[in-house]
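Take a look at the structure set out below.
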Number of protein chains: 2
Amino acid sequence: MGRKRTKSGKIRLAEVAELAGVSPITASRFFRNPEALSVAKRTRVESAAKELGYVPNLAARALASQRTEVIGVLIPSLTNNVFSDVLRGIYDASEGSRYSIQLSNTRYSILQEEKLLRLFLAQKPAGLIVTGIDQTAESRAMLQAADCPIVQIMEIGPDPVDMMIGFSHYDAARAAIAHLFEQGHRKVGFVGARMDPRVQRRLDGYISAMKDAGSFDQRLVVTTATPTSVTLGGALFTDLLAREPDMDAVFCANDDLALGVLFECRRREIAVPGQLAIVGFNDLEFMASAVPTLTSVRTNRYEMGKTAATMLINAIEGRRPEQPVLDLGFKVIERQSSSARRSDSRPAVSGAAAANKMIALPSSHD
Amino acid sequence: MGRKRTKSGKIRLAEVAELAGVSPITASRFFRNPEALSVAKRTRVESAAKELGYVPNLAARALASQRTEVIGVLIPSLTNNVFSDVLRGIYDASEGSRYSIQLSNTRYSILQEEKLLRLFLAQKPAGLIVTGIDQTAESRAMLQAADCPIVQIMEIGPDPVDMMIGFSHYDAARAAIAHLFEQGHRKVGFVGARMDPRVQRRLDGYISAMKDAGSFDQRLVVTTATPTSVTLGGALFTDLLAREPDMDAVFCANDDLALGVLFECRRREIAVPGQLAIVGFNDLEFMASAVPTLTSVRTNRYEMGKTAATMLINAIEGRRPEQPVLDLGFKVIERQSSSARRSDSRPAVSGAAAANKMIALPSSHD
DNA sequence: GTCGTTGCTGGTAGCGCTGTCAACGTTCCT
DNA sequence: AGGAACGTTGACAGCGCTACCAGCAACGAC
């Protein structure tokens with residue numbers, strides 16, 4: 001015997017079709033491809049839907065059409081400021097589209113990523129955004145086999161699965177070191193935490209630049225697998241300083257570490273940039289406002305997320321980009337903390353006049 | 001005539017049932033309520049599913065059962081650190097459960113919230129997490145009428161829709177001001193940005209505490225609707241200082257503003273806490289590491305998210321909490337920036353010994 | 001005048017799963 | 001021993017929507 005479900009007060013497509021005096025399939029088409037209807041029926045269905053307050057049942061649609069309108073997003077962290085900017089871009093781009101975002105957190109584990117990927121793919125997403133280029137072989141095979149567009153974000157590299165948008169962390173680190181050398185700094189330390197693949201590539205860039213200058217020394221590098229924090233920046237810098245007291249600059253793998261180094265310098269009464277230059281990475285908002293203002297490498301995180309989602313949605317709807325790999329670049333934002341080496345040991349700037357100038361500096365926010 | 005769809009390579013429940021030698025409905029029950037099966041059939045279905053690599057089709061399940069396994073989450077911002085902690089808690093709690101998180105960003109607009117709520121409710125979510133207690137009348141009516149559990153997070157107040165978890169921003173602000181008074185500060189300014197309802201209630205708490213002490217003066221309050229930032233903290237403090245140069249403490253509505261005030265003080269060579277005490281709000285990680293270390297009001301954001309999601313899932317599955325309203329409280333973390341008023345104008349601490357002690361301080365991270 | 005061609009519309013038959021109820025076998029109670 | 005109570009299983013009929021084709025009218029080309 002059949003069910004005696006309460007027919008769930010909701011109005012269905014059939015009701016809309018009846019009120020509009022068309023067949024259900026015509027009404028269905030109205031919601032998916034209005035241009036296919038004659039103008040007369042289009043307006044009839046439209047007003048009928050509005051009158052009844054019709055909302056399509058997505059589960060039924062997904063079941064019947066064998067696809068969903070879900071964009072899966074795999075990111076390694078929810079805490080990291082960097083990803084919240086990217087996410088904001090993704091959500092902004094998806095807003096107003098028919099697609100909804102399904103977010104999952106890999107916690108920097110490519111095994112977890114593989115597991116989540118399997119889960120996502122089983123639900124036939126409309127598209128997928130994944131972080132980075134270091135998937136497991138199994139993940140990569142699944143991505144290749146997936147019949148939906150895919151965007152890899154955060155960095156660019158050879159051999160994209162489908163589309164790719166990011167920048168070269170290696171080149172960005174090299175540019176930061178080049179800037180320090182231009183300013184006369186020679187003995188540049190590296191401080192890194194978490195050491196995910198992108199931080200690793202920043203380290204590789206640092207190493208190559210230092211080697212080019214004939215200044216590389218393994219003892220100048222301090223890293224840890226521990227998640228990053230301001231406090232950790234101070235601690236790592238303390239280690240580095242114990243090893244290499246005559247260092248004249250530090251390149252930090254991110255801005256939180258840089259802030260930690262700055263505070264530690266203040267505690268130790270090390271003048272920045274007089275005795276030590278500091279360069280961070282990402283150009284978070286506070287970098288422009290610190291005392292001294294902190295040099296950093298600006299990355300276009302919000303744009304990355306927004307562009308990735310826009311490209312993905314376009315690809316889902318059949319408009320593939322001319323250029324599937326997009327390098328959004330970076331920019332070394334030169335501030336006080338890395339200004340030219342000098343012999344005196346007093347902070348370069350203090351007082352309100354300079355402060356006001358700093359406040360006017362552009363930041364990565366939009 | 002029927003369709004000639006490619007039967008989509010996927011294996012279905014029916015195949016699993018056939019291999020296991022049971023009816024489809026029995027196999028179905030295995031995935032929803034394994035205890036209802038005899039042990040023999042349970043293991044047969046289990047191994048059949050594993051052998052075939054069966055993954056349930058959620059769209060079909062949602063359509064047939066008239067409900068989804070989606071938890072809707074409405075938060076006002078993706079940028080704000082505070083919400084990323086809450087979100088992390090929510091995602092952590094949902095992991096391993098059958099429920100998936102559907103996130104939407106209201107951008108601090110209750111009208112946008114109402115719109116999103118309508119959208120969510122149409123899809124019959126399993127549960128809903130909404131931020132705050134200041135919904136529109138229409139939103140509130142929809143929430144009351146929704147036939148799913150609902151948790152309001154971030155603050156507690158009278159008249160919960162269903163469940164509620166948070167703390168009193170009003171009391172927290174009062175406690176911060178009380179702490180400043182205990183330390184001998186009297187002329188306490190207030191710096192606030194964004195001025196969402198929770199910040200507004202912090203301001204209300206500040207005002208009431210100042211009035212209790214007979215020290216309230218409207219000129220001590222500087223606020224703006226602009227989104228918060230470190231830079232903005234410095235700018236607002238500059239305004240405040242121009243009005244009230246003899247202020248001896250500042251209570252900042254959040255930690256970013258507090259950091260901005262600290263940097264501005266450094267620029268102006270105002271000693272903290274010698275000439276000015278600073279108290280922030282939220283106790284972000286960097287507060288323990290700044291120089292001087294910054295006093296703040298610790299709030300349990302991660303726990304809030306995690307507990308909210310856990311309570312919600314329990315309620316969805318019929319285990320309603322004994323206590324539907326949960327106050328997670330707060331704690332004033334007293335640090336150097338608000339230590340007792342003194343006449344000299346040098347920072348209270350400098351040097352590595354003190355720094356190490358600071359690093360060991362507990363923080364809100366887990 | 002006939003034959004495509006194009007544009008629009010509708011009928012049919014599911015998509016893969018689960019709610020409801022009935023039916024069965026077993027155990028326990030009186 | 002009879003019956004109630006319980007635990008376990010299966011049949012059936014959809015959930016609300018869309019893919020696939022067929023059909024029809026209008027139009028132009030030959």
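In what follows, every chain begins at residue 1, and chains take the letters A, B, ... in the order their sequences are listed.
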Test side-chain contact (heavy atoms from CB on, under 4.5 Å) applied to A/Ile150 and A/Gln144, step by step:
CA-CA 9 Å; A/Ile150 289 159; A/Gln144 304 275 18; over 6 Å; no
Go through the steps for B/Arg88 and B/Val86 under the test side-chain contact (heavy atoms from CB on, under 4.5 Å), then give the verdict.
CA-CA 5 Å; B/Arg88 197 160 46 88; B/Val86 174; over 6 Å; no
Across all chains, not counting sequence neighbours, the side chain to side chain donor-acceptor pair (under 3.5 Å) partners of B/Tyr108 are B/Asn80
Write down the distance between CG (A/Leu13) and P (D/dC15), rounded to a whole number of angstrom.
14 Å
Does a nitrogen or oxygen in the side chain of A/Ser28 sit under 4.0 Å from OP1 or OP2 of D/dT18?
yes
Salt bridge or not for A/Asp85 and A/Lys306, using N-O below 4.0 Å?
no
Between the side chain of B/Asn300 and the main-chain N/O of B/Leu328, is any donor-acceptor distance below 3.5 Å?
yes
So which pairs with a foot in residues 37-74 of chain B pass ring pair (Phe, Tyr, Trp, His ring centres under 6.0 Å), sequence neighbours left out?
B/Phe31-B/Tyr54
Take B/Tyr99 and B/Glu317 through the test side-chain contact (heavy atoms from CB on, under 4.5 Å) and record every step on the way to the result.
CA-CA 11 Å; B/Tyr99 301 95; B/Glu317 297 179 345; 3.3 Å; yes
Separation of D/dC15 atom P from B/Gln123 atom CD, nearest Å, is 18 Å
Could you state the atom-to-atom distance from CZ of A/Arg61 to P of D/dC15 in whole Å?
19 Å
Where do B/Val45 and B/Val16 land on the side-chain contact (heavy atoms from CB on, under 4.5 Å) test, with the steps shown first?
CA-CA 7 Å; B/Val45 176; B/Val16 176; 4.3 Å; yes
Whole-Å gap separating P (D/dC15) and CD (A/Glu15)
11 Å
Could you give the CZ-to-C1' distance, from A/Arg98 to D/dT18, as a whole number of Å?
13 Å
Is the backbone of A/Pro24 close enough, under 3.5 Å, to the side chain of A/Ser28 for a donor and an acceptor to pair up by distance?
no
Checking A/Ser47 side chain against A/Arg44 main chain: does a donor-acceptor pair fall under 3.5 Å?
yes
Report the distance from atom CG of A/Leu63 to atom P of C/dG16, rounded to the nearest whole Å.
7 Å
Picking from C/dG19, D/dA19, D/dG16, which would you name as closest to the side chain of B/Gln66?
D/dG16
When you measure from the side-chain N and O atoms of B/Arg32 to the phosphate of C/dG19, is any distance below 4.0 Å, counting only OP1 and OP2?
yes
Please give, in whole Å, the distance from D/dT8 C1' to B/Asn33 CG?
12 Å
Pairs in or reaching into residues 48-62 of chain A: which pass salt bridge (charged side-chain N to carboxylate O under 4.0 Å, His left out), with residues at least two apart or in two chains?
A/Arg61-A/Glu69
Backbone N or O of A/Ala93 within a donor-acceptor pair of the A/Ser97 side chain at under 3.5 Å?
no
Within residues 48-57 of chain B, find the residues that approach DNA chain D with a heavy atom at under 4.0 Å, and present them sorted by residue number.
none
So how far off straight is the helix from C/dG1-D/dC30 to C/dT30-D/dA1, going by the axes through five pairs at either end, to 10°?
30°
Using a heavy-atom cut-off of under 4.0 Å over every strand shown, decide if B/Arg67 touches base, sugar-phosphate, or nothing.
sugar-phosphate
Under 4.0 Å from OP1 or OP2 of D/dG14: is there any side-chain N or O of A/Arg12 that close?
no
When the distance from CZ of B/Phe30 to P of D/dG7 is rounded to whole Å, what number comes out?
20 Å
N/O to N/O distances under 3.5 Å, protein versus nucleotides 7-10 of chain C:
{"residue": "C/dT9", "atom": "OP1", "partner": "A/Ser38", "partner atom": "OG", "Å": "2.7"}
{"residue": "C/dT9", "atom": "OP2", "partner": "A/Ser38", "partner atom": "N", "Å": "3.2"}
{"residue": "C/dG10", "atom": "OP2", "partner": "A/Ser23", "partner atom": "N", "Å": "3.1"}
{"residue": "C/dG10", "atom": "OP2", "partner": "A/Ser23", "partner atom": "OG", "Å": "3.0"}
{"residue": "C/dG10", "atom": "OP2", "partner": "A/Thr26", "partner atom": "OG1", "Å": "2.6"}
{"residue": "C/dG10", "atom": "N7", "partner": "A/Arg29", "partner atom": "NH2", "Å": "2.8"}

